[in-house]
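Sequential numbering from 1 along the given sequence is applied to the chain's residues. Every heavy atom of this structure was used, including side-chain atoms; hydrogens, water molecules and symmetry mates were not. Both ligands and their constituent atoms are indexed starting at 1 by order of listing. Here the structure is a predicted model, which is why all the values come from computation and not from measurement.
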Amino acid sequence: MSTTKSVAPLPEFPQFTIVPQTPQIIALMTIMRDRKTSRGDFVFYADRLFRLLMEEGLSHLPFTKKVITTPTNVAYEGLEFGSQLCGVSIIRAGESMENALRQIAPHVRIGKILIQRKEDGSGTSQHYYTKVPKDIASRTVLLLDPMLATGGSVCCAISELLKLGVPEDRILFLNMIAAPEGVKNVLTKHPKIKIVSIALDDCLNDQKYILPGIGDFGDRYFGTDVTSDEPESSTASS
Ligand code: PRP
Ligand code: URA
């Protein structure tokens, strides 16, 4: 049951949706996209957007009917979540989404998959490491990575999950920005997964960066962008 109406902007891929494009979402994304945004603001507003994305993502999970009795002694037929969850973040940038997931599901188990996208513009990615709960095959997996560019990294992660016995239709990939090339690549290879994004951008450039995009998410969020000349506060610089 969804209280907001998410949009499926690529008609051939109804498994791909973006959150409702409210003025608030567009304003927050404008801050994220602005090259002048400080790292502190980038982190703050990314965290806010991830929280909204998590709430929207939950609406796409399976629900089952549940009848309870209210304090006025009336039977109420509602819903409850239909399966146990597990978050899996793609290191490094996906780790930035873990707190937002914990805010809506405090006891959630979180696994990690380390994938590195080659920075040579080839769009190829390599898998290095996986650590997930032993019973992951019986859970619904929320796969976390803010950027879907070529789709190479997330396809690597999905292959690892499939090897571990997670059914494709139990994977929900949550991200901030998707490129159409990436959505098509992922959903052609894995038609049963669902993808929920905050924004669908226009295309990729020659270096496989998303346009208009936000640049390198991990570098901006974690402060590893060497071109940054932003002053650090004394408490934050240790
Ligand atoms: C970024 C991003 C995705 C990937 C997306 O990670 O977080 O994992 O690129 O690109 P793709 O769809 O073309 O694979 P990156 O490998 O740059 O590492 P980072 O998390 O350390 O920034
Ligand atoms: N990874 C990023 O962080 N940004 C892009 O535009 C593409 C991949």
Side-chain angles (χ1 to χ4, degrees), residues 10 13 15-16 18 29-35 37 39 42-43 45-47 49-50 53-54 57 87-101 110-132 141-162 171-190 193-228:
L10 297 174
F13 296 109
Q15 323 89 300
F16 168 65
I18 56 173
M29 284 303 295
T30 305
I31 297 170
M32 299 303 296
R33 292 180 189 281
D34 190 341
R35 62 190 299 168
T37 295
R39 188 163 79 91
F42 189 87
V43 170
Y45 289 105
D47 291 348
L49 280 157
F50 288 147
L53 177 63
M54 294 300 154
V88 172
S89 62
I90 300 180
I91 304 172
R92 165 187 64 156
E95 293 178 301
S96 64
M97 303 170 73
E98 291 175 5
N99 277 344
L101 176 58
I110 297 185
K112 311 252 182 186
I113 299 183
L114 172 54
I115 311 247
Q116 186 65 53
R117 175 173 114 125
K118 292 195 182 138
E119 292 188 351
D120 57 4
S122 64
T124 54
S125 304
Q126 186 160 352
H127 167 256
Y128 290 97
Y129 169 84
T130 298
K131 189 80 180 180
V132 295
V141 173
L142 300 181
L143 188 54
L144 311 176
D145 190 331
M147 296 289 116
L148 169 52
T150 64
S153 302
V154 75
C155 281
C156 245
I158 293 167
S159 300
E160 293 305 309
L161 293 174
L162 297 180
I171 299 173
L172 173 61
F173 175 36
L174 300 175
N175 60 73
M176 178 177 282
I177 303 185
E181 295 92 325
V183 175
K184 287 174 193 167
N185 181 22
V186 177
L187 290 178
T188 302
K189 288 183 180 139
H190 303 290
I193 78 157
K194 284 187 185 168
I195 303 177
V196 180
S197 306
I198 295 173
L200 173 67
D201 274 12
D202 296 341
C203 58
L204 300 176
N205 69 9
D206 291 346
Q207 291 302 303
K208 312 293 184 206
Y209 274 83
I210 302 171
L211 300 180
I214 53 170
D216 189 306
F217 183 95
D219 280 348
R220 292 186 74 189
Y221 192 94
F222 293 108
T224 47
D225 181 355
V226 287
T227 62
S228 170

Chemist: Less than 4.5 Å apart, any side-chain heavy atom of Ile193 and any of Leu187?
Modeler: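 Side chain of Ile193 against side chain of Leu187, heavy atoms only: contact under 4.5 Å found.
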
Chemist: Can you tell me the protein heavy atom closest to atom 21 (O) of ligand 1 and the distance?
Modeler: Arg92 NE, 2.8 Å

Chemist: Distances under 3.5 Å, N/O of ligand 2 against N/O of the protein: list each pair and its distance.
Modeler:
from     : atom 1 : to     : atom 2 : distance (Å)
ligand 2 : 3 (O)  : Phe217 : N      : 2.8
ligand 2 : 4 (N)  : Gly215 : O      : 2.8
ligand 2 : 6 (O)  : Ile210 : N      : 2.8

Chemist: Nearest to atom 9 (O) of ligand 1, what protein heavy atom do you find, and at what distance?
Modeler: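 I find the closest protein heavy atom is Arg117 CD, 3.4 Å.
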
Chemist: So, 4.0 Å and heavy atoms of Asp219: is ligand 1 close enough to count as a contact?
Modeler: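 So Asp219 does not count as touching ligand 1.
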
Chemist: Looking at atom 7 (O) of ligand 1, what's its closest protein heavy atom, distance included?
Modeler: Asp145 OD1, 2.9 Å

Chemist: Looking at every non-hydrogen atom in both residues, tell me the closest pair between Ala178 and Ser197 and how far apart they are.
Modeler: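 Taking Ala178 first and Ser197 second, the nearest heavy atoms are CB-OG, 3.5 Å.
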
Chemist: Suppose I only count heavy atoms of Met147 and a 4.0 Å limit; which atoms of ligand 1 are within that range?
Modeler: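 That gives atoms 2 (C), 3 (C), 5 (C) of ligand 1.
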
Chemist: Ignoring hydrogens, what is the shortest heavy-atom contact between Ala179 and Ile210? Give both atom names and the distance.
Modeler: CB-CG1, 4.2 Å

Chemist: Does a side-chain heavy-atom distance below 4.5 Å link Asp216 with Tyr209?
Modeler: yes

Chemist: Can you list the residues that meet the side chain to side chain contact (heavy atoms under 4.5 Å, CB included) rule with Asn99, with sequence neighbours excluded?
Modeler: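 In terms of side chain to side chain contact (heavy atoms under 4.5 Å, CB included), with neighbours along the sequence ignored, Asn99 is linked to Arg102.
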
Chemist: Heavy-atom distance under 4.5 Å between the side chains of Asn175 and Met147, does that happen here?
Modeler: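 No, side chains not in contact.
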
Chemist: Please write down residue, atom name and distance for the protein heavy atom closest to atom 11 (P) of ligand 1.
Modeler: Thr150 OG1, 3.4 Å

Chemist: Considering non-hydrogen atoms of the protein only, which is the closest contact for atom 20 (O) of ligand 1, and what is the distance?
Modeler: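 Closest protein heavy atom to atom 20 (O) of ligand 1: Ala93 N, 2.8 Å.
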
Chemist: Which protein heavy atom lies closest to atom 18 (O) of ligand 1, and at what distance to 0.1 Å?
Modeler: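 For atom 18 (O) of ligand 1, the nearest protein heavy atom is Gln116 NE2, 3.7 Å.
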
Chemist: Would you mind checking if Lys208 and Glu181 are paired as a salt bridge, meaning a charged N to carboxylate O distance below 4.0 Å?
Modeler: no

Chemist: If you measure from each heavy atom of Gly151 to ligand 1, is any distance below 4.0 Å?
Modeler: yes

Chemist: Quick check on atom 13 (O) of ligand 1 - does any protein heavy atom sit closer than 4.0 Å to it?
Modeler: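 There is a protein heavy atom less than 4.0 Å from atom 13 (O) of ligand 1.
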
Chemist: Under a 4.0 Å threshold between the charged nitrogen and the carboxylate oxygen, would Arg33 count as salt-bridged to Asp201?
Modeler: yes

Chemist: Holding to side chain to side chain contact (heavy atoms under 4.5 Å, CB included), I want the full list of residues that pass it with Ile115, two or more places apart in sequence or in another chain.
Modeler: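 Side chain to side chain contact (heavy atoms under 4.5 Å, CB included) check on Ile115 returns Ile90, Ile113, Ser125, His127, Ser153, Cys156, Ala157.
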
Chemist: With a heavy-atom distance limit of 4.0 Å, tell me whether Ser125 approaches ligand 1 through its side chain, its backbone, both, or neither.
Modeler: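 Contact part for Ser125 vs ligand 1: side chain (C-beta onward).
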
Chemist: Any heavy-atom pair between the side chains of Arg220 and Met32 that's under 4.5 Å?
Modeler: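 Not touching, per the 4.5 Å side-chain cut-off.
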
Chemist: For residues Leu174 and Val196, determine if any side-chain heavy atom of one lies less than 4.5 Å from a side-chain heavy atom of the other.
Modeler: yes

Chemist: Say whether Lys208 and ligand 1 are in contact under the criterion: heavy-atom distance to a ligand atom below 4.0 Å.
Modeler: no

Chemist: Determine whether the side chain, the backbone, both or neither of Val154 has a heavy atom under 4.0 Å from any heavy atom of ligand 1.
Modeler: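 Neither; no heavy atom under 4.0 Å.
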
Chemist: Contact between Val88 and Ile110 at the side-chain level, heavy atoms closer than 4.5 Å - yes or no?
Modeler: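 Sidechains of Ile110 and Val88: no contact.
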
Chemist: Taking the side chain as everything from C-beta on, heavy atoms only, tell me whether Thr37 gets closer than 4.5 Å to Tyr45.
Modeler: no

Chemist: Please could you name the atoms of ligand 1 that Asp216 approaches to less than 4.0 Å, counting only its heavy atoms?
Modeler: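 The atoms of ligand 1 under 4.0 Å from a heavy atom of Asp216 are 22 (O).
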
Chemist: Is Pro146 near ligand 1, meaning one of its heavy atoms is under 4.0 Å from it?
Modeler: no

Chemist: Students should be able to answer this: which protein heavy-atom is nearest to atom 4 (C) of ligand 1, and at what distance?
Modeler: Ser153 OG, 3.5 Å

Chemist: Run the ring-ring contact (aromatic ring centres under 6.0 Å, His included) test against Phe42 and tell me which residues pass, sequence neighbours left out.
Modeler: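 Here the qualifying residues are Phe217.
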
